[in-house]
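Here is the structure we will look at, set down as structure tokens.
So you know, we letter chains A, B, ... as the sequences are listed, proteins then strands, and number each from 1. We use all heavy atoms of the structure for the numbers below, so side chains are in, but hydrogens, waters and symmetry mates are not. Keep in mind that this is a model prediction, so the values were computed, not measured.
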Protein chains: 2
Amino acid sequence: MTKGTLYLIPVPLAEGAEHVSYTPFQLELIDHIKEYIVENEKTARKFLKAAGLKTPQQELRIHDYGKHVRDKVNYQELLAGALRGEDIGLMSEAGCPGVADPGAEVVFEAHKRGIKVVPLIGPSSILLALMASGFSGQNFSFIGYLPIDKGARSKKIKDLEQESQREKRTQLFIETPFRNNQLLSELLKSCKPQTRLCIACNLTAPDEYIRTQTIEKWRSETVDLHKKPCIFLLYAG
Amino acid sequence: MTKGTLYLIPVPLAEGAEHVSYTPFQLELIDHIKEYIVENEKTARKFLKAAGLKTPQQELRIHDYGKHVRDKVNYQELLAGALRGEDIGLMSEAGCPGVADPGAEVVFEAHKRGIKVVPLIGPSSILLALMASGFSGQNFSFIGYLPIDKGARSKKIKDLEQESQREKRTQLFIETPFRNNQLLSELLKSCKPQTRLCIACNLTAPDEYIRTQTIEKWRSETVDLHKKPCIFLLYAG
């Protein structure tokens with residue numbers, strides 16, 4: 001029996017960003033797929049509705065892959081639909097499933113079972129920030145979160161800066177939005193004046209903010225990043 | 001005077017992939033923009049035509065940013081349109097400008113001049129491969145090309161494998177398509193049996209091929225990657 005396909009479906013990063021986020025293929029696909037693996041059922045249903053889903057919501061089979069259940073998931077059951085020959089979709093809360101978001105394990109289990117995996121084109125804050133930074137896209141690392149401990153964090157920032165200089169590598173990292181301002185002041189304290197910093201905030205939203213300049217120039221400015229989803233990019237190459 | 005915006009415009013990765021690559025916003029935008037900075041004028045015009053451009057081609061102002069001119073570019077002239085208040089577009093040959101493709105320098109010069117930079121959503125083989133690999137998207141590096149020298153290359157592969165294990169990091173790299181098979185046999189020789197390798201080929205094309213399994217399993221298979229655009233992903237975490 002032919003197996004179904006696991007489609008990896010990106011979700012917009014911001015409210016009202018449907019127009020810049022979806023391809024026609026994605027919109028057709030969500031009317032074809034009846035079974036989804038999602039991070040949060042409520043927001044997944046809201047997203048599908050906003051995207052213009054024509055299937056009645058009660059006809060959808062939605063599997064919860066939220067934080068609270070992830071450790072005890074039975075992947076054989078989760079992927080049963082695809083093993084039976086149906087196409088299924090994987091979505092996270094925002095952006096691309098599996099990239100700075102859960103989902104990689106589901107994809108890996110699909111590969112193990114010979115289920116075809118098809119990634120869809122859509123918004124990724126990491127990729128958009130990298131494009132817009134003006135830094136090297138030939139060599140880059142996404143680090144996720146920096147250490148929480150202040151000493152370890154300052155050391156990590158300096159290590160990233162040195163590695164960037166040595167390898168001509170762009171370093172990308174994130175912070176929980178309510179600690180963005182603290183991270184920024186630590187970057188301004190720990191980095192060399194000529195190192196370049198890009199801050200990308202509220203990507204794809206009407207108030208998207210992307211700015212690249214040297215640490216020296218950032219030091220002379222006041223910018224409030226509190227509670228705004230941001231990505232930070234360092235380049236010292 | 002208000003400055004124009006520099007839009008970063010992705011280009012499909014494969015022939016006939018328009019439907020999965022473009023957002024409605026991008027299609028509207030290319031009818032609005034009259035001035036482009038491109039890697040190759042001929043393919044840029046072909047791409048705009050395939051995308052359904054309504055503006056007569058002779059009304060477009062296209063700046064060549066190809067390899068042969070990149071070192072002697074006058075960025076002030078290149079960005080003059082945006083400085084005068086017009087929106088301009090930056091495109092590379094395939095995928096996202098600035099990511100494993102030229103363009104980052106143009107973006108950086110735009111930031112220096114206070115020109116707003118807006119990245120558009122579109123295909124990136126790096127991001128699609130990462131999503132579809134089933135490997136960690138919380139921590140990953142794109143390395144570009146590995147060293148050409150055989151000894152240095154084998155050492156680099158082992159270093160990347162060790163770093164992947166230590167940092168739980170996904171390592172992504174590429175090769176010129178006519179040397180893919182050699183790279184694969186070097187990976188199979190240099191890596192540990194339990195390390196996982198994902199090969200992602202012809203992304204977004206009808207014959208897209210994405211497969212993840214252990215080095216041990218790859219060793220027992222024959223796969224021909226000759227002249228196919230591929231991304232390789234290693235994970236030993």
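Each of B/R169, B/E167, B/K168 was evaluated against B/N139; a single residue qualifies, B/R169, per the side-chain hydrogen bond (donor to acceptor under 3.5 Å, both in side chains) test.
Neither the backbone nor the side chain of A/Q26 comes within less than 4.5 Å of any heavy atom of chain B. Heavy atoms of A/S133 lying under 4.5 Å from chain B belong exclusively to its backbone. At a 4.5 Å heavy-atom cutoff, the contact between B/E28 and chain A is made by side-chain atoms alone. Proximity to chain B (any heavy atom under 4.5 Å) is shown, for A/F140, by both the backbone and the side chain.
Remark: side-chain polar atoms of B/T170 are paired, donor with acceptor, to backbone N or O of B/S136 under 3.5 angstrom. A distance-only check finds no donor-acceptor pair linking the side chain of A/H63 to the backbone of A/L79 [under 3.5 Å]. Side chain of A/N202 to backbone of A/A205: no donor-acceptor contact under 3.5 angstrom is found. Using modelled atom types, one side-chain atom of B/S164 and one backbone atom of B/A236 make a donor-acceptor pair closer than 3.5 Å. The main-chain N or O of B/P147 is found under 3.5 Å from a side-chain atom of B/R153 such that the two form a donor-acceptor pair.
For the set B/P97, B/G144, B/P10, the entry with the most heavy-atom pairs within less than 4.5 Å of chain A is B/P97. Your options are B/T212, B/L8, B/V107, and the one with the most heavy-atom pairs under 4.5 Å with chain A is B/T212. Across A/S141, A/A110, A/G98, the residue that shares the most heavy-atom pairs under 4.5 angstrom with chain B is A/S141. Contact count against chain A (heavy-atom pairs under 4.5 Å) is highest for B/F142 among B/F142, B/F25, B/Y209.
The environment of B/E221 atom CD is dense: over 12 non-hydrogen atoms of other residues, nucleotides or ligands sit within 6.0 angstrom.
Under the rule for a salt bridge (charged side-chain N to carboxylate O under 4.0 Å, His left out), the partners of B/E109 that lie at least two apart in sequence or sit in another chain are B/K112, B/R113.
Close approach to chain A, defined as a heavy atom under 4.5 Å from one of its heavy atoms, is seen in B/V117, B/V118, B/P119, B/L120, B/I121, B/G122, B/P123, B/S124 of residues 114-124 of chain B, taken by number.
Rounding to the nearest 0.5 Å gives a distance of 11.5 Å between CD1 of A/I143 and CD1 of A/I157.
In this structure, B/F135 and A/F108 have tilted ring planes: the angle between them lies in the 30° to 60° band.
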